[in-house]
Amino acid sequence: MNHYPHHIGDFNTATRHLSRLERDVYRDMRDMYFDTEAALDGSSFDLLARRLCCRTPEEVAALQFVLSEFFVLQEDGRYQNEECEQIIAQFHAQQSDRSTVRENVNERKRRSRERRAAIFSALRSIGVVPDGRIESAALMALCREHRITVTDVDVLIDGVQFDVGAAEAKPVRHGHVTVTNPSCHAAVTANQNQNHNQINTPQPPAGGPRDGLADALELQGHFPSHRRTRTAEVAALMAELVDSGAVTVVQLQAAAAKQSAELCRDGGKASPSALRWLRESRWLDSSVGQGQPASIAGGGGVPADWSATRSGVIAMGMRLGLGGWDESRDRIFATYEARVQQRLTECEQGARSPAEAEAA
């Protein structure tokens with residue numbers, strides 16, 4: 001105990017007949033009693049006196065009198081005080097009550113987090129990705145707008161229990177919310193470890209044709225689970241890239257598969273989201289040190305804003321025949337970038353044609 005109640009009036013009444021020395025000794029004995037939360041060890045009187053700093057004959061006599069006046073010697077040699085025992089028992093009961101309250105509060109917070117995660121999963125399954133900081137009232141309004149019903153037991157879409165992967169796996173009921181993961185079409189709990197099965201590639205729904213959303217889900221399967229966000233936007237950007245002729249779906253999937261180990265390393269701390277990976281043309285990174293992908297070998301695949309990203313610079317270097325960035329040759333990337341700029345300038349000025357640069 002770090003503190004205990006001291007009622008001045010009760011103490012003065014109980015110790016009015018004591019001398020000032022005896023009152024001081026009694027206060028020290030109470031402090032020791034509450035500090036150890038146990039009766040005073042009197043198996044060795046000399047040791048007890050020394051612990052209470054009672055050295056002179058007057059102090060030892062005061063200790064003996066207080067022990068006989070306020071304490072009862074037990075069979076195990078300990079001196080027990082009834083009032084102190086009651087205060088310690090009340091303290092332990094209060095601590096137990098506080099622990100129960102904290103556990104109840106933590107349980108309510110856990111259920112609230114699971115409920116919120118289930119709602120987000122249901123919304124993502126229909127292509128709606130709300131801001132992660134959205135307030136609860138706005139989130140519930142969004143659910144009503146998209147006909148998602150949230151109860152104490154289930155999350156329902158159009159009156160049907162939210163269960164994307166019912167054909168593959170039975171939903172797991174965790175707490176009071178049924179949670180499934182639309183990215184892998186299998187039932188999981190809302191607080192599933194983000195690193196669990198993070199590189200397993202999800203498959204399109206059984207029996208259905210492949211579409212843009214299925215391709216996006218398969219691509220995201222190569223990323224850590226916490227980077228598999230905004231699936232609808234990923235699908236739209238993939239379609240835009242494919243339509244522009246910059247890359248094919250097969251090339252994107254192959255590049256993501258090749259980079260998967262690096263993306264998921266250290267729990268995916270350094271991994272971009274799938275959407276950012278597409279925007280920055282990072283599928284080209286898989287060509288470094290491993291030969292050119294088909295799009296570059298054929299003369300395409302270099303983005304218009306290639307100089308804005310490292311992957312774009314490397315793509316241009318590959319296109320001009322310089323190969324990828326090799327640290328043994330260019331210790332810093334800026335040196336490699338300068339060589340790419342110089343080679344491009346030479347080609348533009350007619351010093352070398354791209355074909356000659358590739359043959360060099």
S.K.: Can you establish whether the number of heavy atoms outside R27 located under 6.0 Å from its atom CZ is more than 12?
M.R.: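 More than 12 heavy atoms, drawn from other residues, nucleotides or ligands, come within 6.0 Å of this atom.
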
S.K.: How many angstroms lie between atom CG of L52 and atom CE of M32, to the nearest 0.5 angstrom?
M.R.: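 Taking CG in L52 and CE in M32, the distance rounds to 4.0 Å.
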
S.K.: So if you build clusters from Ile, Leu, Val, Met, Phe, Trp, Tyr with side-chain heavy-atom gaps below 4.5 Å, do L18 and F11 land together?
M.R.: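 Looking at the clustering, F11 is in the same group as L18.
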
S.K.: If we ignore hydrogens and angles and just use 3.5 Å, is the side chain of Q259 paired with the main-chain N or O of R282 as donor and acceptor?
M.R.: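 Yes; at least one donor-acceptor contact below 3.5 Å.
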
S.K.: Looking only at atom types and distance, does a side-chain atom of S125 sit under 3.5 Å from a main-chain N or O of A122, one as donor and one as acceptor?
M.R.: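 Judged by distance alone, yes, a pair lies under 3.5 Å.
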
S.K.: Rounded to the nearest 0.5 Å, what's the gap from CG on L237 to CH2 on W277? Could you check?
M.R.: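 The CG atom of L237 sits 10.5 Å away from the CH2 atom of W277.
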
S.K.: Restricting to non-hydrogen atoms, name the atom on S271 and the atom on F223 that form the minimum distance, rounded to 0.1 Å.
M.R.: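 Heavy atoms of S271 and F223 come nearest at OG-CD2, 3.9 Å.
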
S.K.: Less than 4.5 Å apart, any side-chain heavy atom of L142 and any of E145?
M.R.: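 Yes; the side chains approach each other to less than 4.5 Å.
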
S.K.: Within the side chain of N81, is there an N or O that forms a donor-acceptor pair under 3.5 Å with the backbone of F70?
M.R.: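 Here the side-chain-to-backbone pair exists.
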
S.K.: Is there a donor-acceptor contact under 3.5 Å from the side chain of R78 to the main chain of L40?
M.R.: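 No, R78 side chain to L40 backbone: no donor-acceptor pair under 3.5 Å.
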
S.K.: Walk me through it: do R116 and I134 pass the test side-chain contact (heavy atoms from CB on, under 4.5 Å)?
M.R.: CA-CA 10 Å; R116 187 177 177 90; I134 187 173; 3.5 Å; yes

S.K.: How many angstroms lie between CG in L63 and CG in L67, if you round to the nearest 0.5 Å?
M.R.: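 Interatomic distance, L63 CG to L67 CG, rounded to 0.5 Å: 4.5 Å.
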
S.K.: Please report the shortest heavy-atom distance between S273 and T229, naming the atom on each side.
M.R.: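 Reported closest heavy-atom pair: CB-OG1, 4.4 Å.
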
S.K.: Please determine which of Q90, H92, Q86 meets the side-chain contact (heavy atoms from CB on, under 4.5 Å) test together with I88.
M.R.: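 Only one of Q90, H92, Q86 forms a side-chain contact (heavy atoms from CB on, under 4.5 Å) with I88, namely H92.
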
S.K.: Report, as yes or no, whether the 6.0 Å neighbourhood of atom NE2 on H6 holds more than 12 heavy atoms from other residues, nucleotides or ligands.
M.R.: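 Buried by this count: over 12 neighbours within 6.0 Å.
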
S.K.: Are L47 and Y79 linked, directly or through intermediate hydrophobic residues, by side-chain heavy-atom contacts shorter than 4.5 Å (ILVMFWY only)?
M.R.: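 No, Y79 and L47 fall in different hydrophobic clusters.
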
S.K.: Give the minimum heavy-atom separation between P224 and G267, together with the two atoms involved.
M.R.: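 Looking at all heavy atoms of both residues, the shortest contact is CB-O, 4.4 Å.
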
S.K.: Which distance, rounded to the nearest 0.5 Å, do you find between the CE of M140 and the CZ of R144?
M.R.: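 Rounded to the nearest 0.5 Å, the CE-CZ separation comes to 6.5 Å.
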
S.K.: Taking C-beta and beyond as the side chain, do Y33 and Q80 meet within less than 4.5 Å on heavy atoms?
M.R.: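 Contact flag for Y33/Q80 side chains = yes.
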
S.K.: Is a side-chain N or O of Q74 found less than 3.5 angstrom from the main chain of V72, in a donor-acceptor match?
M.R.: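 Present.
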
S.K.: Check whether the side chains of E22 and H17 place a donor and an acceptor atom closer than 3.5 Å, and report yes or no.
M.R.: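 Per modelled atom types, E22 and H17 side chains form no pair under 3.5 Å.
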
S.K.: Side chains of S43 and D41: any donor to acceptor distance under 3.5 Å?
M.R.: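 Judged by distance alone, the side chains do pair up.
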
S.K.: Between A232 and G127, what is the shortest heavy-atom contact and its length?
M.R.: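 Residues A232 and G127, closest heavy atoms: CB-O, 3.9 Å.
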
S.K.: Does C53 reach the side chain of D28, with side-chain heavy atoms less than 4.5 Å apart?
M.R.: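 No, too far: nothing below the 4.5 Å cut-off.
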
S.K.: With a 3.5 Å distance limit and no angle check, can you tell me whether R228 reaches the backbone of L217 through a side-chain donor-acceptor pair?
M.R.: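 Not confirmed, R228 side chain does not pair with L217 backbone.
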
S.K.: Less than 6.0 angstrom from the centroid, inside 45 degrees of the normal: does R30 satisfy that with respect to the ring of Y26?
M.R.: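 Satisfied, under 6.0 Å and within 45°.
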
S.K.: Quick one: does any side-chain atom of S260 pair with a main-chain N or O of A256 as donor and acceptor, under 3.5 Å?
M.R.: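 Such a contact is absent between S260 side chain and A256 backbone.
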
S.K.: In Å, rounded to the nearest 0.5 Å, how long is the span from CE of M29 to SG of C54?
M.R.: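 M29 atom CE to C54 atom SG measures 8.0 Å (nearest 0.5 Å).
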
S.K.: Mind checking whether R108 and R113 have side chains closer than 4.5 Å, heavy atoms only?
M.R.: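 Not in contact.
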
S.K.: Of all residues at least two apart in sequence or in a different chain, which pass the side chain to side chain contact (heavy atoms under 4.5 Å, CB included) check with C143?
M.R.: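 Residues passing side chain to side chain contact (heavy atoms under 4.5 Å, CB included) with C143: I119, I148, V150.
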
S.K.: Could you give the distance from CG (L139) to CZ (F120), rounded to the nearest 0.5 Å?
M.R.: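 So the CG of L139 and the CZ of F120 are separated by 5.0 Å.
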
S.K.: Step by step, would you call R23 with V66 a side-chain contact (heavy atoms from CB on, under 4.5 Å)?
M.R.: CA-CA 8 Å; R23 285 166 60 95; V66 173; over 6 Å; no

S.K.: Honestly curious: do L213 and V129 fall in one hydrophobic cluster under the side-chain, below-4.5 Å linking rule?
M.R.: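 Per the 4.5 Å side-chain linkage, L213 and V129 are not co-clustered.
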
S.K.: Under 3.5 Å, side chain of R227 to main-chain N/O of P272, donor-acceptor pair present?
M.R.: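 No, R227 side chain to P272 backbone: no donor-acceptor pair under 3.5 Å.
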
S.K.: Where is the tightest heavy-atom contact between Q220 and R230, given as atom of each residue plus distance?
M.R.: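 Shortest heavy-atom contact: NE2-C, 4.4 Å.
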
S.K.: Apply the test side-chain contact (heavy atoms from CB on, under 4.5 Å) to residues M238 and L241: give CA-CA distance (whole Å), side-chain angles for both, the deciding distance (0.1 Å), then the verdict.
M.R.: CA-CA 5 Å; M238 287 180 66; L241 291 170; 5.7 Å; no

S.K.: For the residue pair D215 and L252, establish whether any side-chain heavy-atom pair is separated by less than 4.5 Å.
M.R.: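 In short, these two side chains do not touch, never coming nearer than 4.5 Å.
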
S.K.: Would T248 and V242 count as a side-chain contact (heavy atoms from CB on, under 4.5 Å) if you check the C-alpha gap in whole Å, the side-chain angles of each, and the deciding distance to 0.1 Å?
M.R.: CA-CA 5 Å; T248 66; V242 172; 5.5 Å; no

S.K.: Where is the tightest heavy-atom contact between T231 and A216, given as atom of each residue plus distance?
M.R.: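 Here T231 and A216 meet closest at O-CB, 3.9 Å.
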
S.K.: Using only atom types and a distance under 3.5 Å, with no angle test, would you say the side chain of T56 pairs donor to acceptor with the backbone of E59?
M.R.: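 Yes; judged by distance alone, with no hydrogens or angles, the pair exists.
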
